A.B. asks: 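The structure is given below, and queries will be raised subsequently.
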Amino acid sequence: MTTQTLRPPAEATTTARRTSERRPDSRPAWLFLAPFGVFYLAFLIGPTVYMFVVSFFNTSIVQPGLGTFAGLGNYAEMLTRSDFWSAMWHTLQFTLYTVPPLVVLSFVFAVLANRVQRGQWFFRLAFFVPFVLPSASISLIWIFLFTPASGLWPQFQSLIGLEPDAVLADPSLAMVGIAVATIWWTIGFNFVLYLAGLQDIPRELYEAASVDGASPWHQIRYITVPLLGRTTTLVIILQIIASLKIFDQVYLMTAGGPGISTQVALGLITNTAFTDYRVGAASAASVLLFIVIVVIAVARQLLDRSDREA
Amino acid sequence: MATTTDRSTRTRGGNGVSAAAPARTDPTRIRSPRTFNIVAGIVLGVFAFLWLVPSFWAIKTSLVSNETASLGADAILRSTDPTLASYATLLQSGQIWNWYLASFVTSAGTVVLTVVFASMAAYALSRLRFRGRKLVFVLILAGIMIPAQVLIVPIFQLLDSFSLLNTYWSVIFPQVPAVIAVFIFKQFFDGLPKELDEAARIDGAGVWRTFWSVIMPLSRPVIAAVSILTFVTVWNNLILPLFVLSNPDLMTIPVGLATVQGSYGQRFADIQASAVLGALPLVILYLLFQRRIVEGVAGTGLKG
């Protein structure tokens, strides 16, 4: 029923449609889908299912097979382990440190860049280029900036009369250091999304507002901010999902340390699997993280859909 | 319901790859109090400057000697005789060439397989009529929500059971099923007139001929967009090659760079030079394909 109401133009080509329907496309269609389908099943769906299965077994990486059945044992273990909860907390901490600045700063940068007539290429170069660089380069650069005592940051702190920090070696500051590097690295992504969103705002709105005497600040406050609402929702959700999957920067900059003060969910999972060889337990933790991420992703899809239909 | 899905993806074409920046017009660029724009320019300029400091610092450090670099920020800033010694050391040691090779082979290999397979699947979903089309589309749609990084442990086991660990394939295969690529292609194909296919079919071309010699040649922009984004994603992936490659000769750039911090010790200039060398190919790629990269990223929300 909805099918018909949604695609009236298709009726115009009914005859063509009918001939192509009579000619069975099924065989070529499945052949066209097969190569992608094989990889999709083997490397996305298969591992997902396998992860769920293994999470109920005492599987080890050094022994073949699934190992003994563990029931909910792996889950019980993870949910009662303090380092699991501390890894979850650090992941959340990282999310809280990075998402608000990433959203607010990228919005400000995009709105300002849109107003400044010249030098667009320069702002894109400054803000966007770090985003396409490998996390490994980013981390080497920031570790060096934070080098205790002789690095650029501690020397700058001494210069303005502050006590220099050993950022990455200090359990209470290490996550802040990782967050700062991450904001620097990924802001270009949001910046570009906001610039694209700004293109969709009709210029007549600003013209009308300025005729009515609205100041630039009021135009931003009452036109730009509300009309970029959809972009902001998208940006926030993508940022939260990306933050929950954080691994690279932590592995490279602190390896979870000092102690376990910056250990995050994926770090705990890979340590459990590849250092402790306990694939079953690692899979249980993976499943828990997986569920959190998928719930947010599904919420995004639903939100997206209701948004478009409205 | 499924039709609605169909439609919403099509609407997304509005700010998708093909139409991310319709023209270089700028809606907010209108006459407004000049002072505001001047202040905006200054604020933005200050932030842009701050944003350039880390890159500038890495480059500056890579151009001094290791001895100067170990003296600290002040000495690096004051140094006036740049040297390429660190670059010479790294490029002569040969290790970095292995890393470049591994990154290049895995990135290019994934690009080829992803472009061919994803475009074929998208063509079937966009043009061919068959039972179960909607279902297949919804199943693939669901895949977009699966966080691949979280699957690192089962993917490792899978590759292990196929004896693929420590081969380039172990980095390529898991990254081929990029659902987003199917979407980008489908969106583009949906926008091509159906008459193209019908004319080709009436002329006696089979499905494959129609796809390969009529549709694909028209799809160059979208092929370029998918290729570049796939290339960057694979080149920058750390977690997968980190665990599936342990042979130092096969390491990709990110995995190789991850060993640098530990093994180069106090050779700060060398460390920063290796960070610059690891980033260089992507900076070049960005300079060559600026618009496409920016539009592709903005249009798909592609990330991590």
Side-chain angles (χ1 to χ4, degrees), chain A residues 2-3 6 16 20-21 25-26 28-29 32-33 35-36 39-40 43-44 47-48 50-51 112-116 123 126-127 129 132-137 140-141 145 150 152 155 189 192-193 196 201 203 206-207 216 238 242 245 247-248 252 273 279 282-283 286 289-290 293-294 297 305 308, chain B residues 3 7-8 11 15 20 27-28 30 32-33 36-37 40-41 44 48 51-52 54 57-58 72-73 117-118 120-121 123-124 128-130 143 145-147 149-151 153-155 158 173-174 176-177 198 207 232 236 238-239 253-254 257-258 271 275 278-279 282 286 294 297-298 301 303-304:
Chain A
T2 34
T3 320
L6 280 174
S20 64
E21 247 162 34
D25 276 342
S26 292
F32 267 64
L33 285 167
F36 186 86
F39 279 90
Y40 181 76
F43 291 100
L44 218 54
T48 307
Y50 191 66
M51 172 181 72
L112 294 184
N114 214 31
R115 281 200 161 258
V116 177
F123 297 126
F127 297 131
V129 167
V132 298
L133 306 184
S135 55
S137 287
L140 291 178
I141 292 172
L145 288 172
S150 68
L152 187 63
Q155 296 240 326
F189 175 73
V192 158
L193 282 185
I201 301 180
R203 72 182 288 155
Y206 293 99
E207 275 160 10
L238 288 178
K245 294 189 285 192
F247 172 79
D248 292 20
L252 294 160
V279 174
S283 297
S286 304
L289 180 63
F290 183 92
I293 293 175
V294 169
R305 199 156 302 161
R308 278 169 214 286
Chain B
T3 325
R7 197 189 182 215
S8 69
T11 344
N15 43 23
T28 51
I30 42 153
S32 54
F36 186 90
N37 283 359
L44 200 62
W51 239 256
L52 289 170
W57 197 246
F117 294 170
M120 284 168 65
Y123 184 73
L128 305 178
R129 313 262 134 216
F130 60 98
M145 290 179 285
I146 297 180
Q149 289 99 318
V150 180
L151 299 179
V153 177
I155 284 178
L158 183 74
F173 285 164
V176 169
E198 274 145 20
V207 179
V232 173
N236 286 345
L238 171 75
I239 190 166
I253 285 278
L257 289 183
I271 293 175
L282 293 173
Y286 172 79
V294 170
V297 167
K303 181 162 201 194

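Below, chain A is the first sequence line, B the second, and so on; all start at residue 1. Everything numeric in this text was worked out from a predicted model, so none of it was measured.
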A.B. asks: Any chance you could measure B:L44, atom CG, to A:N114, atom CG, to the nearest 0.5 Å?
C.D. replies: 10.5 Å
A.B. asks: Once rounded to the nearest 0.5 Å, what's the spacing between atom CG of A:D248 and atom CD of B:Q149?
C.D. replies: 8.0 Å
A.B. asks: Has the side chain of B:N236 got a donor or acceptor atom that lies under 3.5 Å from a matching backbone atom of A:V132?
C.D. replies: yes
A.B. asks: Check each atom of A:L152 against the heavy atoms of chain B and say whether the ones under 4.5 Å are side chain, backbone, both or neither.
C.D. replies: both
A.B. asks: Which pair of non-hydrogen atoms, one from B:P147 and one from A:V294, has the smallest distance, and what is that distance?
C.D. replies: CD-CG2, 4.2 Å
A.B. asks: Determine the interplanar angle of the A:F32 and B:Y123 rings, folded into 0 to 90°, and report it as parallel if under 30°, tilted if 30 to 60°, perpendicular if over 60°.
C.D. replies: tilted
A.B. asks: Restricting to non-hydrogen atoms, name the atom on A:P134 and the atom on B:A279 that form the minimum distance, rounded to 0.1 Å.
C.D. replies: CD-CA, 4.1 Å
A.B. asks: Nearest 0.5 Å, what's the CD1-OG1 distance between B:I146 and A:T48?
C.D. replies: 4.0 Å
A.B. asks: List the residues meeting side-chain contact (heavy atoms from CB on, under 4.5 Å) with A:A282, not counting sequence neighbours, and say none if there are none.
C.D. replies: A:I269, A:T272, A:A273, B:V153
A.B. asks: For B:V294, check side-chain contact (heavy atoms from CB on, under 4.5 Å) against everything at least two apart and list the hits.
C.D. replies: A:R124, A:F128, A:V192, B:Y286
A.B. asks: Closer than 3.5 angstrom, by distance alone: can the side chain of A:Y40 be matched with the main-chain N or O of B:G143 as a donor-acceptor pair?
C.D. replies: yes
A.B. asks: With a 4.5 angstrom heavy-atom cut-off, is it the side chain or the backbone of B:V232 that approaches chain A, or both, or neither?
C.D. replies: side chain
A.B. asks: Counting heavy-atom pairs under 4.5 Å with chain A, which one of B:A258, B:P154, B:G72 comes out on top?
C.D. replies: B:P154
A.B. asks: Which atom pair, heavy atoms only, marks the closest approach of B:P177 to A:F36?
C.D. replies: CA-CE1, 3.7 Å
A.B. asks: With a 4.5 angstrom heavy-atom cut-off, is it the side chain or the backbone of B:F173 that approaches chain A, or both, or neither?
C.D. replies: both
A.B. asks: May I ask you to name which of B:A124, B:P54, B:A58 has the most heavy-atom pairs under 4.5 Å with chain A?
C.D. replies: B:P54
A.B. asks: Say you draw a straight line from CG of B:N37 to CG of A:L112; how long is it, rounded to the nearest 0.5 Å?
C.D. replies: 9.5 Å
A.B. asks: Is it the backbone or the side chain of A:L145 that comes under 4.5 Å from a heavy atom of chain B, or both, or neither?
C.D. replies: side chain
A.B. asks: State the CG-CZ distance between B:L151 and A:F290, to the nearest 0.5 angstrom.
C.D. replies: 6.0 Å
A.B. asks: For each of A:A29, A:S137, A:S150, tally heavy-atom pairs with chain B at distances under 4.5 Å, and name the one with the top tally.
C.D. replies: A:S137
A.B. asks: Quick one: are B:L158 and A:Y50 in side-chain contact, heavy atoms under 4.5 Å?
C.D. replies: no
A.B. asks: Report the distance from atom CG of A:L252 to atom CG of B:L238, rounding to the nearest 0.5 Å.
C.D. replies: 5.0 Å
A.B. asks: For B:W51 and A:A126, which heavy atoms make the closest approach, and how far apart are they?
C.D. replies: CD1-O, 3.4 Å
